[in-house]
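Shown next, in structure tokens, is the structure this report addresses.
This one's a predicted model, so the numbers in the text were calculated from it and none came from an experiment. Proteins get letters first, then strands, A, B, ... in listed order; numbering begins at 1 in each.
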2 protein chains.
Amino acid sequence: MSESDRIADKFTQWQGAGFDATRCPVRDVLDHLGDKWTTLIVIALAAGPRRFNEIDRLIPDISKRMLTQTLRNLERDGFVTRHVFPTKPPSVSYRLAPLGHSLLGPLAALIDWAEARHGEIAQARTRYDRAEGSSEAA
Amino acid sequence: MSESDRIADKFTQWQGAGFDATRCPVRDVLDHLGDKWTTLIVIALAAGPRRFNEIDRLIPDISKRMLTQTLRNLERDGFVTRHVFPTKPPSVSYRLAPLGHSLLGPLAALIDWAEARHGEIAQARTRYDRAEGSSEAA
DNA sequence: CGGTATCCCGAGGGATACTG
DNA sequence: CAGTATCCCTCGGGATACCG
């Protein structure tokens, strides 16, 4: 119960102080995790540094375009660092910066939760859709 | 370090087992948290049940359209329950279901992280943009 | 190898107006 | 009060082709 109270309190405080949606840290972070590839890339880098095409192979259905773009954003926000080795052909490696690494804890909590509750969610969804279906015309 | 290893291991396992992007629990959950309003609504309901227009007021810049839609999704996935009181005019209240309530823990971890690291992220961003700007034509 | 540049489509979501 | 229904426009992101 105190967990929900803590969150509720935070929310109330945000309400009080202007609540610049643009400056809201939560929005800021969630927008990030919300996009299609960020989280997967962070996870892919959890084990250690990887090269561009390595990541590309680890995440089969990502395009180079989105891989580059997402890595750039992660770099911009200080989550990953980019190292260029001027070999021939060039080789670039990405690794989690301390900031990115520090995200792994909270992220792991969320992943564990997701895995634990995924079945429940799927059930709820089926139940809801079944109820909807029966009350609607085909 | 073991935190990152745990995640890395999970990732490797996903790789091994087909990795149906569609059935990936993480994708499933993150897509949810990623959209613009879900998280805010969950937080708004943390303190207790709220009526439709109450939530609308708590989150100033949401439209009725998105509020309804997001609440429906949350209901569908079993995060919130909807109670209709047939008064005149009707009154509808939403509250977190146990499933939704159980999300508050992991979510709080993420929020705490976001608040703690937000400054760092902003700094990294400024630094990156400054470096970018200096190397680019106006 | 590690990217950019372009084109393009569909979904997310805002604004507004109407309803039981 | 608690929604629906429409319109419309932005923009995330896929496909493809090209570059140092």
Out of curiosity, B/D56 CG to B/R51 CZ, how far, rounded to the nearest 0.5 Å? 12.5 Å

Relative to the ring of A/W14, is the ring of A/F11 parallel (under 30°), tilted (30 to 60°) or perpendicular (over 60°)? perpendicular

Separation of D/dC1 P from B/L67 CG (nearest whole Å): 13 Å

Protein-nucleotide distance (B/D31, atom CG; C/dA11, atom P), rounded to Å: 14 Å

I'd like to know if the side chain of B/T38 and the backbone of B/G34 have a donor-acceptor N/O pair within less than 3.5 Å. no

B/D56 atom CG is separated from D/dC1 atom P, nearest whole Å, by 10 Å

Using side-chain contact (heavy atoms from CB on, under 4.5 Å), reason through B/D112 and A/R6 one step at a time and then give a plain yes or no. CA-CA 11 Å; B/D112 290 341; A/R6 269 194 55 236; 2.8 Å; yes

Which nucleotide in the list C/dC1, C/dT4, D/dA2 gets nearest to the side chain of A/T68? C/dT4

Considering only C/dG3, C/dC1, D/dA2, which nucleotide approaches the side chain of A/V92 most closely? C/dG3

Roughly how many Å is it from CZ in B/F85 to P in D/dA2, rounded to a whole number? 11 Å

Rounding to 10°, can you tell me the angle the first-five-pair axis of the helix from C/dC1-D/dG20 to C/dG20-D/dC1 makes with its last-five-pair axis? 50°

Given atom CZ of B/F52 and atom C1' of C/dT19, what is their separation to the nearest angstrom? 14 Å

Separation of A/R50 atom CZ from C/dG2 atom C1', in whole Å? 17 Å

Atom OH of A/Y94 and atom C1' of C/dC1 are separated, to the nearest Å, by 11 Å

Nearest heavy-atom contact between B/L30 and A/L110 is CD1-CD2, 4.4 Å

Looking only at non-hydrogen atoms, find the nearest pair between B/P89 and B/T87 and report the distance. O-OG1, 2.9 Å

List every contact pair, protein side and nucleotides 12-17 of chain C side both N or O, where the distance is under 3.5 Å.
from: C/dG13; atom 1: OP1; to: B/K36; atom 2: N; distance (Å): 3.1
from: C/dG13; atom 1: N7; to: B/R65; atom 2: NH2; distance (Å): 3.3
from: C/dG14; atom 1: OP1; to: B/K36; atom 2: NZ; distance (Å): 2.7
from: C/dG14; atom 1: OP2; to: B/W37; atom 2: NE1; distance (Å): 3.3
from: C/dG14; atom 1: O6; to: B/R65; atom 2: NE; distance (Å): 3.0
from: C/dG14; atom 1: O6; to: B/R65; atom 2: NH2; distance (Å): 3.4
from: C/dA15; atom 1: N6; to: B/R65; atom 2: NE; distance (Å): 3.3

Side-chain donor-acceptor contacts of residues 69-79 of chain A below 3.5 Å, not counting sequence neighbours, with atom names and distances?
from: A/Q69; atom 1: OE1; to: A/R65; atom 2: NH1; distance (Å): 3.1
from: A/T70; atom 1: OG1; to: A/M66; atom 2: O; distance (Å): 2.6
from: A/R76; atom 1: NH1; to: B/D129; atom 2: OD1; distance (Å): 2.8
from: A/R76; atom 1: NH1; to: B/D129; atom 2: OD2; distance (Å): 2.4
from: A/D77; atom 1: OD1; to: B/R125; atom 2: NE; distance (Å): 2.7
from: A/D77; atom 1: OD2; to: A/H32; atom 2: ND1; distance (Å): 3.3
from: A/D77; atom 1: OD2; to: A/H32; atom 2: NE2; distance (Å): 3.4
from: A/D77; atom 1: OD2; to: B/R125; atom 2: NH2; distance (Å): 2.8

When you measure from the side-chain N and O atoms of B/R51 to the phosphate of D/dG3, is any distance below 4.0 Å, counting only OP1 and OP2? no

Go through the steps for A/L40 and B/R27 under the test side-chain contact (heavy atoms from CB on, under 4.5 Å), then give the verdict. CA-CA 9 Å; A/L40 272 171; B/R27 277 246 64 81; 3.8 Å; yes

Show the nearest heavy-atom pair for residues A/I7 and B/L104, with the distance to one decimal. CD1-O, 3.5 Å

Can you tell me how far C1' of C/dC1 sits from CZ of A/R82, to the nearest Å? 12 Å

